[in-house]
Colleague: 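Sending over a structure as structure tokens; questions will come in a sec.
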Amino acid sequence: MLSDIETGTHSLLLNLTCPECGTIHNAAVINTVCVNEACKSTLFAKYDLSGGLDKAILSTRPATMWRYKELLPVIDERNIVTLGEGFTPIIPIENLKQFIGDNAVFWKDESGNPTGSFKARGLSAAVSKAKELGIDTIATPTAGNAGGALAAYAARADIKAIVYMPIQTPQVFKDECRLYCAELIEIDGNISDCGRLVNEQALLNNWFQVSTLKEPYRLEGKKTMGYEIAEQFNWQLPDVILYPTGGGTGLIGMWKAFDEMEQLGWIGSKRPRMVAVQSESCNGIVSAFNSGQQISEFTDGGFTIANGLRVPKPYADKQILKVLRDSNGAALTINDAEMNAAVKEIARNEGMLIAPEGAALWQAFKKLKSSKWIQSGETVLMINTGSGYKYLENLLID
Ligand SMILES: *Cc1c(COP(=O)(O)O)cnc(C)c1O
Ligand SMILES: [Zn+2]
């Protein structure tokens, strides 16, 4: 076994399996989506969990997402590209008690990650695995945060990064890419337009693409949120998790982590109800969920202050909808004015400057609580996916 080398991570990675058609792919070589032309699904990394793993080892590990290295895809420690991502704090709502009643309500605050968002988790995993596989150029379409994270981890790994970003994205997202020395290409369009162009150029120039859920390992990085939530809540998952859904990586990733942990014997069969929150301008998952569809329609109502939520057609829409239904979850939209107001409300009362994407969750919480979908006494976790400091240009402050 490869992981027997002295600098091995003891990763339990077995292969990449297609969740749609079951085709097994060799994880020792470069992969993108399912090779079955009729399928082309996102691939899921599969691990050998049959021998279990003693979770007591975790207490000896660093406070980063790599503390779960056996459940991550990198085989040789020397290929791990890390800037201290993950193991972010759980912070209770302290002052806005009039809204939470007898619920216990928490943030998982991802804003302290390198480059200021949870995209660091996905790109740390993807860039590490790309390094292990000998890749020298990585390209991605991005609504902002993924580009900055790719640029930083690629700089660290001495890999070339090429980033396609909508021209309407706030300046800070462009500047950070240039500072980390990525090649930045601004596109007069949305992230789907960026995706199409990256795809064309990647094929011509032999670049590796890490477009959301068309590359298997960003999902593995983001799933570590699920492991952390279990560990930080003492292996009792919250009743409800709210997630601001763009491409859906974090939602699908957490759900995958819960399954893996149950197989490892770390948690039982109880699962949180998963809630997808979208921007009113890009509400394809909400519409599909509420009308009983298996896939979503392309939907783009234009600019939103939550750049990360402007994803007109998530590649893994089927998987997102499946998680929502399997968990007895919900899906709802929040508009820009509501997000802006929530950023201010949380800043003023809780001392946290959260991203508009995270702020959408606070409004969603209030709606679900007043409709009694969230019940008395339930424990609720909201994932603040990024730092509000990167969005000041998008916000009305007065
Ligand atoms: C990318 C992003 C999201 C959406 O994440 P997905 O994995 O694409 O669903 C939410 N919030 C922020 C701040 C983001 O950068
Ligand atoms: Zn397939």
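First listed ligand is number 1; within each ligand, the first listed atom is number 1.
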Colleague: Report yes if some N/O of Gly386 lies less than 3.5 Å from some N/O of ligand 1; otherwise report no.
Modeller: no

Colleague: Between SG of Cys34 and SG of Cys18, what angle is found at the Zn ion (ligand 2), rounded to 10 degrees?
Modeller: 110°

Colleague: Give the numbers and elements of all ligand 1 atoms closer than 4.0 Å to a heavy atom of Gly250.
Modeller: 7 (O)

Colleague: For Ser117, is there any backbone N or O sitting under 3.5 Å from a side-chain donor or acceptor partner on Lys390?
Modeller: no

Colleague: Can you check salt bridge (charged side-chain N to carboxylate O under 4.0 Å, His left out) on Lys318 and Glu20, steps first, answer last?
Modeller: CA-CA 10 Å; Lys318 232 178 174 171; Glu20 295 294 331; 3.4 Å; yes

Colleague: Looking at Gly247, which atoms of ligand 1 are within less than 4.0 Å of one of its heavy atoms?
Modeller: 6 (P), 8 (O), 9 (O)

Colleague: Geometry only, no angles: is Gly248 polar-contacting ligand 1 at N/O separations under 3.5 Å?
Modeller: yes

Colleague: Of the backbone atoms (N, CA, C, O) and the side-chain heavy atoms from C-beta on, which set of Asn145 has a member under 4.0 Å from an atom of ligand 1: side chain, backbone, both, or neither?
Modeller: side chain

Colleague: Examine Lys222 against ligand 1 and note whether any of their N/O atoms are separated by less than 3.5 Å.
Modeller: yes

Colleague: Less than 3.5 Å between some nitrogen or oxygen of Glu357 and one of ligand 1, yes or no?
Modeller: no

Colleague: Would you say the side-chain atoms of Ser296 and Gln293 include a donor-acceptor pair closer than 3.5 Å?
Modeller: no

Colleague: Have a look at ligand 1 and work out which part of Tyr391, if any, has a heavy atom under 4.0 Å from it: side chain, backbone, both or neither.
Modeller: side chain

Colleague: What protein heavy atom sits nearest atom 6 (P) of ligand 1, and how far off is it?
Modeller: Tyr243 OH, 3.3 Å

Colleague: Would you say Gly246 and ligand 1 have an N/O pair spaced under 3.5 Å apart?
Modeller: yes

Colleague: Regarding Lys369 and the six-membered ring of Phe99, is the cationic atom NZ or CZ under 6.0 Å from the ring centre and inside 45° of its axis?
Modeller: no

Colleague: Quick one: the SG of Cys21, the Zn ion (ligand 2), SG of Cys39 angle, rounded to 10°, please.
Modeller: 120°

Colleague: Tell me which one of Arg310, Lys119, Gln278, Glu110 gets a heavy atom nearest to atom 15 (O) of ligand 1.
Modeller: Lys119

Colleague: Which atoms of ligand 1 sit under 4.0 Å from any heavy atom of Thr249?
Modeller: 6 (P), 7 (O), 9 (O)

Colleague: Which atoms form the tightest heavy-atom contact between Gln319 and Ile252, and what is the distance?
Modeller: CB-CD1, 3.6 Å

Colleague: May I ask you to establish whether Arg310 and Phe303 are in a cation-pi arrangement, using a distance under 6.0 Å from NZ or CZ to the six-membered ring centre and at most 45° from the ring axis?
Modeller: no

Colleague: Under 3.5 Å, is there a donor-acceptor pair between the Thr88 and Arg121 side chains?
Modeller: yes

Colleague: Is it true that the side chains of Asn190 and Asp300 contain a donor and an acceptor less than 3.5 Å apart?
Modeller: yes

Colleague: Any luck finding a side-chain donor-acceptor pair between Tyr68 and Glu231 under 3.5 Å?
Modeller: yes

Colleague: For Glu228 and Phe87, indicate whether the former's side chain and the latter's backbone hold a donor-acceptor pair under 3.5 Å.
Modeller: yes

Colleague: How close does the nearest protein non-hydrogen atom get to atom 12 (C) of ligand 1, and which residue and atom is it?
Modeller: Thr385 OG1, 3.3 Å

